[in-house]
Amino acid sequence: MIPIVAPFPIGRPRRNRLDAGTRRLVAENRLSVDDLIWPVFIMEGTGTISPVASMPGVERVTIDRLAAHVAPAVKLGIPAVALFPMTPPEAKDAEGSEASNPDNLICRAARLLTREFPDLLLVGDVALDPYTDHGHDGVLRPGPGGVYVDNDASLPVLVRQAVVQAEAGIGIMAPSDMMDGRIGAIRRGLDAEGLIHTRIMSYAAKYASAFYGPFRDAVGSGGALRGDKKTYQMDPANSDEAMREIAADLAEGADMIMVKPGMPYLDIIRRAKDQFAAPTFAYQVSGEYSMLMAAIERGWLDHDRGMMESLMAFKRAGADGVLTYFAPRAAALLRG
Ligand SMILES: NCc1[nH]cc(CCC(=O)O)c1CC(=O)O
Ligand SMILES: [Mg+2]
């Protein structure tokens, strides 16, 4: 499509920017509260709200404080929260067994939130890193390079994790582990238990990124992590490979796909939306949030303008929704 533009001085693009009303009329994209998913960190214990040092304004809460923590977001109309647990070290092991404990933090939180807020959608991460003592998303076995995150041995553990989460009330399963074939395995595992309505939002194109650093502090998996995740998360150099990953996950039954991180990967979001026309989500990850907040705290960026511009970028790139730690503040602004 070649846009037709009258040459200056007949054509004056600035006319369409003249006043707020005209700008509203010609705006191509709109961010709405319906687009927001809020990631929430939960921890063991009682009566505690503990700030995440590397993420100003973000807190972990104990389950008895969770309903009060989430209530304002529900009131603002945020459709979904994504739950992330900080597992105590004594509950971690090499196989990530706590992930499939039906009474783990996530499952208890899901049962509580389902009761308190029946219309709130719950997104549950599927990956073993919050539960393994080595901090990897799957289980380790002898293999290439000595010890290897074993794909096929990890799948049954991930399936069990997904099933216990779904039974506890998680409506949207979000596998973030990047094992091959996990979407198909999880879909079959859920269906075998009659959990045919559980949706799968696949972290289909997930990169081995430096921008997850603050998240690993928040859930306490960073200190534990041995090595890096480059044998399963994607190389930031690659774009065609992301299309193959997304194609595979959709073919295996993903209902929605995600690109992660967000801002440094807007090109991937655009390609994915154009190529697959599937519900597409972006994760504005911890490091992106912390980067913006660090500049905001120094007075170098305006909080609300910086936040809203960063979120609008995802809509412009083609995302249908965004996981963002800014969700409650953005929703409050959008509601005026
Ligand atoms: N697999 C777990 C997981 N799920 C979401 C994030 C990162 C989210 C963020 O940085 O905000 C990670 C960390 C990782 O893969 O190491
Ligand atoms: Mg894959």
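In each ligand, atom 1 is the first atom listed, and ligand 1 is the first ligand listed. Because the structure is predicted, anything quoted here is derived from the model rather than measured. Worth knowing before you read on, the calculation uses all heavy atoms, side chains too, and leaves out hydrogens, waters and symmetry mates.
- For residues 248-263, every residue pair satisfying the side chain to side chain donor-acceptor pair (under 3.5 Å) rule, not counting sequence neighbours, is listed here: Arg182-Asp249, Ser202-Asp249.
- Using a 4.0 angstrom heavy-atom cutoff, Gln284 does not count as in contact with ligand 1.
- Among protein heavy atoms, atom 2 (C) of ligand 1 sits closest to Asp129 OD2, 2.9 Å.
- Remark: Glu98 pairs with no residue by the salt bridge (charged side-chain N to carboxylate O under 4.0 Å, His left out) rule, at least two apart or across chains.
- Arg335 places a side-chain N or O within 3.5 Å of a backbone atom of Leu76 that can act as its donor or acceptor partner.
- Surrounding CZ of Arg15 are more than 12 heavy atoms belonging to other residues, nucleotides or ligands, all under 6.0 Å away.
- Counting heavy atoms closer than 4.0 Å to ligand 1, residue Tyr283 contributes side-chain atoms (C-beta onward) but none from N, CA, C or O.
- Counting heavy atoms only, Lys260 comes closest to atom 12 (C) of ligand 1 of the residues Met178, His136, Lys260.
- Ring geometry for Tyr283 against Phe84 counts as tilted: the plane angle lies between 30° and 60°, on a 0 to 90° scale.
- Nearest protein heavy-atom neighbour of atom 15 (O) of ligand 1: Lys206 NZ, 2.6 Å.
- Here the shortest heavy-atom distance to atom 14 (C) of ligand 1, taken over Met55, Met258, Lys229, belongs to Lys229.
- Counting only protein N, O or S atoms closer than 2.8 Å to the Mg ion (ligand 2) gives 1.
- Note on residues 219-238: pairs passing salt bridge (Lys or Arg N to Asp or Glu O under 4.0 Å), not counting sequence neighbours, are Asp129-Lys229, Asp137-Lys229.
- The single protein non-hydrogen atom nearest to atom 10 (O) of ligand 1 is Ser286 OG, 2.7 Å, given as residue, atom name and distance.
- At a heavy-atom distance under 4.0 Å, only side-chain atoms of Asp125, from C-beta outward, approach ligand 1.
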Q: Mind running side-chain hydrogen bond (donor to acceptor under 3.5 Å, both in side chains) on Tyr203 and Asp125 for me, showing each step along the way?
A: CA-CA 9 Å; Tyr203 287 72; Asp125 215 63; 2.8 Å; yes
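- Residue Lys92 comes nearest to Gly220 through the heavy atom pair NZ-O, 2.9 Å, listed as atom of the first residue, atom of the second, then distance.
- Contacts with ligand 1 closer than 4.0 Å are made by side-chain heavy atoms of Ala127 only, the backbone lying farther away.
- The two atoms that bring Ala330 and Leu311 nearest to each other are CB-CD1, 3.6 Å, heavy atoms only.
- Separating the CG atom in Leu128 from the OG atom in Ser221 is a distance of 12.0 Å, to the nearest 0.5 Å.
- Of the options Phe84, Tyr325, Tyr212, Tyr203, the smallest heavy-atom separation from atom 11 (O) of ligand 1 is shown by Tyr325.
- Classification of Lys315 and Glu309 as a salt-bridged pair fails, no side-chain N sitting under 4.0 Å from a carboxylate O.
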Q: Test side-chain hydrogen bond (donor to acceptor under 3.5 Å, both in side chains) on Asn16 and Thr22 and set out the steps.
A: CA-CA 6 Å; Asn16 281 345; Thr22 313; over 6 Å; no
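- If you check which protein heavy atom lies closest to atom 8 (C) of ligand 1, you get Phe215 CD1, 3.3 Å.
- The contact set between ligand 1 and Arg216, taken as ligand atoms under 4.0 Å from a residue heavy atom, comprises 14 (C), 16 (O).
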